[in-house]
Amino acid sequence: MILIIDDEQAVLASLRLLFRHQGWESARVKTPHTAMEFIQQQRPDLILLDMNFTPDTSGREGLSLLRKILKHDPSIPVILITGWATVELAIEGMKAGARDFIPKPWEDEQLIQSIQSILDLSGNRSASSDRQRLDEQFDFGHIIGQDPAFLQVLHTIGRVAATDASVLVLGESGTGKELIAEAVHQNSQRKDKPFVKVNLGGITSSLFESEMFGHKKGAYTDARHDRKGRFEVADSGTIFLDEIGELGMASQVKLLRVLQDKSFEILGSSHSQTVDVRVVSATNRNLTEEVSLGNFREDLFYRINLITVHLPALRERPTDIPLLVSFYLENVKRLYQRPGVQISEAAMSWLQQYPFPGNIRQLKNLVERTVLISAKDLLEAEDFRSQLNAPVRKKKTDGLPEIGSMSLEEIEKEMIIRTMKHHNNRIGKVAQALGITRSALYRRLEKFGIPQE
């Protein structure tokens, strides 16, 4: 049953008629007081909540009622609806716990789709059906998973991606924060603009200004040419600030200024340059704790975490492990011409029970290493277990380079070249085989100077 909380008679009548055509039962109340009385007596499956009940159009009444509803029962999904929609109000509503935000006048198809998706995600359909519906609405590319906790993450980023709100992705190392950041970009209005990734943990404080804002020729001793900074490259698109928790205090001040003022100065220039970017950040640190310890600026923290997404660790979504294992296994089988390799049921069960402190990255590495090392076609639990703490081999094994003979970047480049050759430069196939997105592959091709033809 859907509860409609709205004081406009025409709206109530229109919604009840629309829901009746969908076969949905509905009830209606007109005031916040009667709404709480109704909810305390009968739990609705979903609530459609108007934001204003008096001449005040700020939406504060709706936000206040939303918080009361979720305090009473946090599991009730709430969709906000208003004729005075603003991006700020939508963001505040989503942060307060609303599942969606629909402006008046609404489009029937959009409203029905939103309600159906939320009802499905609330447990009325199987996980695979939930994921299928999300994929019909959003572009989630190579993101694998249908665990309920993970589906809620996908639902959240799908909804907030359409805004320009800054997003902070939190999660342990190896949980796939970069893929989530790319999904935010791919589902935004900036999807055809640049997506620029910056690993802040690898930039020293002395190089921060040059890397982020660029420099003019002669700005310092080694500045032989003009160079664009990451913010200028990302203009009109999205900039992904990975490992933002590693940023030093001096660099935090400089980053805060560009996020606040939307402008920066190129090193060696006295002129300010404006920039229009959507900011997505990520870290495996507890930034709230870092703020309390004085290691991270509070004003910067609130600037980057308008929307916070918590990625569950792999051990918290064990039902996704078979999906991930199957995906990586198929990639390795194609890449190394091992079509007969399979994993026994006992081995899969063992993988689901292993805690994987390195998360998805560790699982991917374990599957690839086990397939490469083992000559068997049917892999058992012991084959995977033996590779968890396997000693480093100094000789080549099944085509692997000798330890120390190649850098990590050289290995990555060689793997991309081999995969491009194997799939005849078909970008989609290559990206799938490597387990990365097409945009991530294009960036690597440009980085390593690998021709696409």
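- Minimum interatomic distance between Phe140 and Ala183 (heavy atoms only, all atoms of both residues): CD2-CB, 4.1 Å.
- Ion pairing between Asp164 and Arg190 holds under the 4.0 Å rule for side-chain N and carboxylate O.
- Residue Phe448 qualifies as enclosed at atom CZ: its count of foreign heavy atoms under 6.0 Å is above 12.
- In summary, the side chains of Asn359 and Thr175 do not present any donor paired with an acceptor at a separation below 3.5 Å, with no hydrogens or angles considered.
- With rounding to the nearest 0.5 Å, the separation of CD1 in Ile321 from CG in Asp147 is 10.0 Å.
- Ser349 and Gln353 are linked by a side-chain donor-acceptor pair at a separation below 3.5 angstrom, with hydrogens and angles left out of the test.
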Exercise. For Arg418 and Tyr336, run side chain to side chain contact (heavy atoms under 4.5 Å, CB included): C-alpha distance rounded to whole Å, both residues' side-chain angles, the deciding distance at 0.1 Å, then the answer.
Key: CA-CA 10 Å; Arg418 290 177 60 183; Tyr336 296 104; 4.1 Å; yes

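- Within the 3.5 Å criterion, the main-chain N or O of Ala313 finds a donor-acceptor partner in the side chain of Glu316.
- Residues Asn331 and Lys364 are not in side-chain contact: their nearest non-hydrogen atoms beyond the backbone lie 4.5 Å or more apart.
- The side-chain heavy atoms of Gln342 and Leu379, taken from C-beta on, include no pair separated by under 4.5 Å.
- Counting only N and O atoms by type, the side chains of Asp276 and Ser236 include no donor and acceptor under 3.5 Å apart.
- Residues Leu255 and Ile244 meet the side-chain proximity criterion, which asks for heavy atoms closer than 4.5 Å.
- Contact check on Lys228 versus Glu211 returns no salt bridge, with no Lys/Arg side-chain nitrogen under 4.0 Å from an Asp/Glu carboxylate oxygen.
- Contact check on Lys177 versus Asp242 returns no salt bridge, with no Lys/Arg side-chain nitrogen under 4.0 Å from an Asp/Glu carboxylate oxygen.
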Exercise. Show your reasoning for whether side chain to side chain contact (heavy atoms under 4.5 Å, CB included) applies to Leu311 and Leu170.
Key: CA-CA 6 Å; Leu311 270 183; Leu170 301 176; over 6 Å; no

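- The closest side-chain heavy-atom distance from Leu247 to Phe208 is below 4.5 Å.
- Atom CZ in Phe264 sits 14.5 Å away from atom NZ in Lys254 (nearest 0.5 Å).
- We find the CD-CG distance between Gln432 and Leu441 to be 12.0 Å, quoted to the nearest 0.5 Å.
- The structure places CD of Glu382 at 10.0 Å from CD of Gln387, a figure rounded to the nearest 0.5 Å.
- Ion pair Arg385/Glu380 not flagged as a salt bridge, since none of the NZ, NE, NH1 or NH2 atoms sits closer than 4.0 Å to an Asp/Glu carboxylate oxygen.
- Between Arg278 and Ile239 the shortest side-chain heavy-atom distance does not fall below 4.5 Å.
- Atom NZ of Lys191 has 12 or fewer neighbouring heavy atoms from other residues, nucleotides or ligands inside a 6.0 Å radius.
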Practice problem: Test Leu46 against Leu3 for side chain to side chain contact (heavy atoms under 4.5 Å, CB included), laying out the working first. | Solution: CA-CA 6 Å; Leu46 181 142; Leu3 176 62; over 6 Å; no

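- Annotation: the span from Ser173 atom OG to Asn284 atom CG amounts to 4.0 Å, rounded to 0.5 Å.
- Ile417 has its side chain out of reach of Thr419: every pair of non-hydrogen atoms, C-beta onward, lies at least 4.5 Å apart.
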Self-check item: Residue pair Leu351, Val325: steps toward the side chain to side chain contact (heavy atoms under 4.5 Å, CB included) verdict
Solution: CA-CA 9 Å; Leu351 287 168; Val325 170; 4.0 Å; yes

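- If you check the side chains of Arg297 and Gln252, you find no donor sitting under 3.5 Å from an acceptor.
- No more than 12 heavy atoms of other residues, nucleotides or ligands shown are found within 6.0 angstrom of CD on Glu345.
- Between Arg131 and Asp135 there is a salt bridge, with a side-chain nitrogen of the basic residue lying less than 4.0 Å from a carboxylate oxygen of the acidic one.
- Arg43 and Ser75 are linked by a side-chain donor-acceptor pair at a separation below 3.5 angstrom, with hydrogens and angles left out of the test.
- For the pair Phe356 and Leu366, the minimum side-chain heavy-atom distance is below 4.5 Å.
- Phe19 CZ to Ile2 CD1: the interatomic distance, rounded to the nearest 0.5 Å, is 4.5 Å.
- For CD of Glu107, the number of neighbouring non-hydrogen atoms (other residues, nucleotides, ligands) closer than 6.0 Å is 12 at most.
- Around CD of Glu298, the count of heavy atoms belonging to other residues, nucleotides or ligands within 6.0 Å does not exceed 12.
- Atom CD of Gln22 has more than 12 heavy atoms from other residues, nucleotides or ligands within 6.0 Å.
- Residue Thr238 forms a side-chain hydrogen bond (donor to acceptor under 3.5 Å, both in side chains) with just one option from Gln186, His185, Lys197, Lys193, and that option is His185.
- Using a cut-off of 4.0 Å between Lys/Arg side-chain N and Asp/Glu carboxylate O, Glu172 and Arg315 are scored as salt-bridged.
- Using modelled atom types and a 3.5 Å distance limit, the side chains of Asp100 and Ser114 yield a donor-acceptor pair.
- Counting heavy atoms from C-beta outward, Ile427 and Leu445 have side chains that approach closer than 4.5 Å.
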